[in-house]
There are 2 protein chains.
Amino acid sequence: MTGLREPSTGAIDSRLWVSGAVLALLLVGSIAKGTPMARATGTKRAILDATLELAATKGISGTTMDEVAERAGVAKGSLYYNFSSKDRLFEELLLEGVGALAEILRAARGDLRGRAAIEALVGALLDRIASNPALAKLMASEIFRTDRTWQKSLFALRHEALTVFAEAIAEAKPESRDHGTCGLMASSVFGAVLMAGLEWLVFEPERPRDEVAAAILDSLSGGLLGGDRPAPR
Amino acid sequence: MTGLREPSTGAIDSRLWVSGAVLALLLVGSIAKGTPMARATGTKRAILDATLELAATKGISGTTMDEVAERAGVAKGSLYYNFSSKDRLFEELLLEGVGALAEILRAARGDLRGRAAIEALVGALLDRIASNPALAKLMASEIFRTDRTWQKSLFALRHEALTVFAEAIAEAKPESRDHGTCGLMASSVFGAVLMAGLEWLVFEPERPRDEVAAAILDSLSGGLLGGDRPAPR
DNA sequence: TCAGGCTAACTGACTAGTCAGTACAAAAGC
DNA sequence: GCTTTTGTACTGACTAGTCAGTTAGCCTGA
């Protein structure tokens, strides 16, 4: 029943995935074929896309390989031809996604400094969440799991993404580097954007993007903690 | 083999769950027996505790009823005697947890205003996460799922908890009420505390609690976005 | 013609949920 | 006082169904 599958068209189906510019950056960059970041094509991509869509609502263990095969329009055997196990399928999916995120953040920051850097990072992360909410949901639910076979590599990439924030923070607020708290503050900012971004997409999708970005930046601008600034520690 | 079970001792086993003060508040308050917030005792509590511990690392679909039964030290049948299905077991667990959170936040805010209110809320949420990381992880992974039978009631309680933040924000920053963005800002602050709190517990548990609270408040104090305040919209 | 890519049917381990039965305590009958 | 009944809480072997992973073979293009 090959009729179910698109006839190997859509091989480079990059919808909603990585913006053209960053895609170019990825291909031109030093990321070789075979690394987790190399963009899969054809069947492999169809499988990854289907997996992501299903996992976003049903979670990882709630998603069955049979469903993935059906959604991707391939036979179950193809899943195991392209990925050695369910675990590895999800590992590749997450590593690809989080890896791309780190790239995007680095690109967004460029050589901006201080406030501009943070604003650019928040905006880029928000856009990424908006363009790929499925991955955002998946990240939110997997990032603190400690029983996965792939946790080590996922943690590493997660750390890479957070580091982009942490560096910008350390620069904007040098005393946080002394206290070693830039990592925590990075998490804090990351969590703010992730949670507000998902709130937006899930509960108030009609709201314009800029309003959401403004609200997040507002909540990070101390307006909430108005009056006197906290005593510098 | 009745020997396996404790002889109906440990009936009111409240370890790590709700602090004594808040427990008193719950019992004295208007929350009647039979509502989701009523604290289960005996077998039911043992089952809920076991479920939470397992679900924190393995997720909901990754947790089997057989495991829960074993960990709780009861027979599988007892699970179904006390809860009509796996779904309802997890529903009760989540509703109990999120409901208690809303109570705690309301109590923490008291009639504080402005900056003090926000600081109290952030601190209370952080403490709650620290005293029950399992539930925090579970919340982080379930709060945006849209395929659960219980999503409606969970969303309602979630909204209740966020509203406590939103109200404090609306008061501290009246113009956000006009824009209808206090909900988003509440999510943002909530996400910041949740993510940073879990980062702390999972990756740097040796750090003192106050340092974490300070880092979070710092990230919400505009230090990051130093220099000029953003133009009020 | 043959190898790489894929398929369809199959397998066995596991899992949610069931149900006949046990334990035991508090009425109810005598 | 003692048996018998009733009700509640719990048990664990069992069933029907599901799911990850396997395998033998088909198809197509080089």
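FYI, side chains are in, hydrogens and waters are out, and symmetry mates aren't considered; it's all heavy atoms of this structure. Per chain, numbering begins at 1; letters A, B, ... match sequence-line order.
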Provide, to the nearest angstrom, the distance between the [atom1] atom belonging to [X] and the [atom2] atom belonging to [N].
X: A:L79; N: C:dA8; atom1: CG; atom2: C1'; result: 14 Å
X: B:K44; N: D:dT8; atom1: NZ; atom2: P; result: 15 Å
X: A:E70; N: C:dT7; atom1: CD; atom2: C1'; result: 15 Å
X: A:Y81; N: C:dA8; atom1: OH; atom2: C1'; result: 17 Å
X: A:I47; N: C:dG5; atom1: CD1; atom2: P; result: 13 Å

pair [X]-[Y]: side-chain heavy atoms closer than 4.5 Å:
X: B:R109; Y: B:F165; value: no
X: B:R158; Y: B:F190; value: no
X: A:F83; Y: A:L48; value: yes
X: A:R209; Y: A:D127; value: yes
X: A:V202; Y: A:K137; value: yes

Next item on the list: Assign the ring pair B:W150 / B:F90 to parallel, tilted or perpendicular, where the plane angle (0 to 90°) is split at 30° and 60°.
Entry: parallel
Note to self: Please encode protein proximity along nucleotides 15-21 of chain C as a string of B, S and -, counting only heavy-atom distances under 4.0 Å.
What the structure shows: SBBB---
Check: Is B:R148 paired with B:E91 through a side-chain N to carboxylate O contact shorter than 4.0 Å?
Finding: no
Margin query: Any side-chain N or O of B:N82 below 4.0 angstrom from OP1/OP2 of D:dC10?
Written below: yes
Item checked: C:dG5 phosphate, OP1 or OP2, under 4.0 Å from A:S78 side-chain N/O -> no
What are the atom names and distances for every N/O pair under 3.5 Å that joins the protein to nucleotides 24-30 of chain D?
none

Notebook entry, point to check: Do you know which two heavy atoms are closest between B:P133 and B:L198, and how far apart they sit?
Noted result: O-CD2, 4.3 Å
